[in-house]
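Have a look at the structure below before the remarks.
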Amino acid sequence: MTIARLDGATRLYGIVGHPIAQARSPEVMTARLQQIGHNAVLVPLHVLPDAFDSTLRGLMQLGNLDGLMITVPYKARALALADSLLPSAAQVGAVNALRRRADGTWQGGMFDGTGLVLALRAEGFEPRGRLIKMLGAGGAGSAVAIALAEAGARALDIFDTDAARAAELAQRVTTHYPDCRARAVTDPAHLDGHELLINCTPIGMQPGDGMPAPFGRLDPGLFVMDIIMKPPVTPLAEHARACGCTVLNGIPMLDQQAQAVLSFFTETSS
């Protein structure tokens, strides 16, 4: 990629993680920033765990730094750095983006779940009013559950191998979105009337993983989303396609998330 402009007036954004060499965002986001006419670049920032707080607080004092993307393993830790939060970030308990506001304070947002909802809608699946089965109640699962409830999902059945974690997430969804019936369930493979199945676990990333649950024949009307990006076709995705289901992996979710973060960074904030 050729940088269109880089000079003393260039505004800075960064993506913070450990490790960071795998991040695609510097190239993707820099291109998008400059395509919309912003003299700005996004750079990778490898921040070590023991120096996270001091490094981030120092970076946030830079006069030409306008925003930070936050990736693994720092999304929960970065919450404390924000002076204010968008509602979804407060509800999830983590941020994946921080922006400098016009008054110099920093605002945090969480767009992992937003990206998933936007990716579903782009494929013609509207979450509003749907019965959804989710596998995994960790960081990704929390963001997805909150976003689906905010989007109007009728009910969320949440499974996690840590039953207490699933129950806590279901209670958090119910607290913030009482119109969405959220509950922890004990059978990961039971699909009775569900219209959407989402895998928010890492099962399927490694060779030999198999599926995240012992699924039998799936109803071809079931929409299946596995948020794993690599490999692009997981055992769950392969099984679902063989059953005639519509299947989506995590790449469209990441692309939509990047666009949502870009809008967060570049919209006028007061």
Side-chain angles (χ1 to χ4, degrees), residues 11-26 28-30 32-33 40-118 136-147 150 165 168-169 172-173 176 200 202 227 229 250 253-254 256-267 269-270:
R11 306 300 297 179
L12 300 181
Y13 295 88
I15 179 167
V16 174
H18 173 65
I20 201 62
Q22 79 287 353
R24 296 173 53 239
S25 298
V28 172
M29 293 294 282
T30 296
R32 292 187 182 190
L33 283 161
V41 296
L42 185 138
V43 296
L45 301 170
H46 186 189
V47 178
L48 300 178
D50 290 345
F52 176 79
D53 292 304
S54 59
T55 300
L56 267 288
R57 293 191 186 281
L59 285 169
M60 292 162 72
Q61 297 301 312
L62 291 172
N64 61 345
L65 181 76
D66 289 340
L68 291 167
M69 296 179 70
I70 310 294
T71 189
V72 176
Y74 297 131
K75 295 179 186 182
R77 288 183 68 176
L79 192 77
L81 299 171
D83 299 301
S84 63
L85 296 168
L86 295 184
S88 59
Q91 293 159 12
V92 172
V95 300
N96 73 338
L98 293 159
R99 67 175 177 185
R100 188 196 300 273
R101 304 184 73 186
D103 61 3
T105 62
W106 286 80
Q107 184 175 49
M110 168 51 74
F111 299 96
D112 287 348
T114 304
L116 181 139
V117 169
L118 292 173
S142 294
V144 167
I146 292 294
E150 184 181 24
R165 185 162 69 171
E168 188 279 330
L169 177 56
R172 197 160 10 121
V173 170
H176 294 294
C200 294
I227 70 169
M229 290 176 283
M253 171 182 169
L254 183 66
Q256 293 286 354
Q257 175 191 319
Q259 189 59 45
V261 171
L262 179 67
S263 297
F264 177 67
F265 281 160
T266 58
E267 71 185 10
S269 62
S270 58

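Positions are given from 1, in the same order as the sequence printed here. Because the structure is a prediction, the values reported are computed rather than measured.
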- Message: Restricting to side chain to side chain contact (heavy atoms under 4.5 Å, CB included), what partner residues turn up for L65, sequence neighbours left out?
- Response: L12, L59, L62, L68, R100, W106
- Message: Going by side-chain hydrogen bond (donor to acceptor under 3.5 Å, both in side chains), name the residues that satisfy it together with T105, two or more places apart in sequence or in a different chain.
- Response: D103
- Message: Rounded to the nearest 0.5 Å, what separates atom CG in L118 from atom CD in Q259?
- Response: 9.5 Å
- Task: Can you see which heavy atom on A145 is nearest to which on V173, and at what distance?
- Result: CB-CG2, 4.0 Å
- Item | Residue pair I20 / L45, side-chain heavy-atom distance below 4.5 Å | no
- Does Q107 offer a backbone N or O that forms a donor-acceptor pair with the side chain of R101 under 3.5 Å? no
- State which residues pass side-chain hydrogen bond (donor to acceptor under 3.5 Å, both in side chains) with Q256; sequence neighbours excluded, sorted by chain then number. none
- At their closest point, which heavy atom of N96 faces which heavy atom of Q257, and how far apart are they? ND2-NE2, 3.1 Å
- Task: Can you sort out the partners of R172 under salt bridge (charged side-chain N to carboxylate O under 4.0 Å, His left out), two or more places apart, ordered by chain and number?
- Result: E168
- Measure the spacing between CG of D50 and OG1 of T55 and express it to the nearest 0.5 Å. 10.0 Å
- Message: To check you understand the geometry: which heavy-atom pair defines the closest contact between G109 and L86, and what is its length?
- Response: CA-CD1, 4.1 Å
- Considering non-hydrogen atoms only, spot the tightest contact between L33 and A40 and give its length. CD1-CB, 4.1 Å
- R77: partners by side chain to side chain contact (heavy atoms under 4.5 Å, CB included), with sequence neighbours left out: P49, F52, D53, Y74
- Among pairs that include at least one residue of residues 11-20, which meet salt bridge (Lys or Arg N to Asp or Glu O under 4.0 Å), considering only residues two or more places apart or in two chains? R11-D66
- Between S142 and A137, which heavy-atom pair has the shortest distance, and what is it? OG-O, 3.6 Å
- In Å, rounded to the nearest 0.5 Å, how long is the span from CG of L254 to CE of M229? 5.0 Å
- Does A90 have any side chain to side chain contact (heavy atoms under 4.5 Å, CB included) partners at least two apart in sequence or in another chain, and if so, which? L85
- Between the CG atom in L48 and the NE2 atom in H18, the distance rounded to the nearest 0.5 Å is 6.0 Å
- Just how far is it from atom OG of S88 to atom NE2 of H176, taken to the nearest 0.5 Å? 10.5 Å
- side chain to side chain contact (heavy atoms under 4.5 Å, CB included) partners of S25, counting only residues at least two apart: I15, M29, L42, M69
- Once the angle between the rings of F264 and F111 is folded into 0 to 90°, is it parallel (under 30°), tilted (30 to 60°) or perpendicular (over 60°)? tilted
- Item | Gap separating the CG atom of L262 from the OH atom of Y13, nearest 0.5 angstrom | 8.0 Å
- Message: Filter on salt bridge (Lys or Arg N to Asp or Glu O under 4.0 Å), then keep only pairs touching residues 109-118, sequence neighbours left out; what's left?
- Response: K75-D112
- Task: Report the C-alpha separation of M110 and Q91 in whole Å, then their side-chain angles, then the decisive distance to 0.1 Å, and conclude whether the side-chain contact (heavy atoms from CB on, under 4.5 Å) test is met.
- Result: CA-CA 9 Å; M110 168 51 74; Q91 293 159 12; over 6 Å; no
- Message: Which heavy atom of G141 sits nearest to which heavy atom of L169, and what is that distance?
- Response: O-CD2, 3.9 Å
- Message: Tell me which pairs pass salt bridge (Lys or Arg N to Asp or Glu O under 4.0 Å) where either residue lies in residues 87-97, with sequence neighbours left out.
- Response: none
- Test item: V16 and T71 side chains (from C-beta on) under 4.5 Å apart, heavy atoms: no
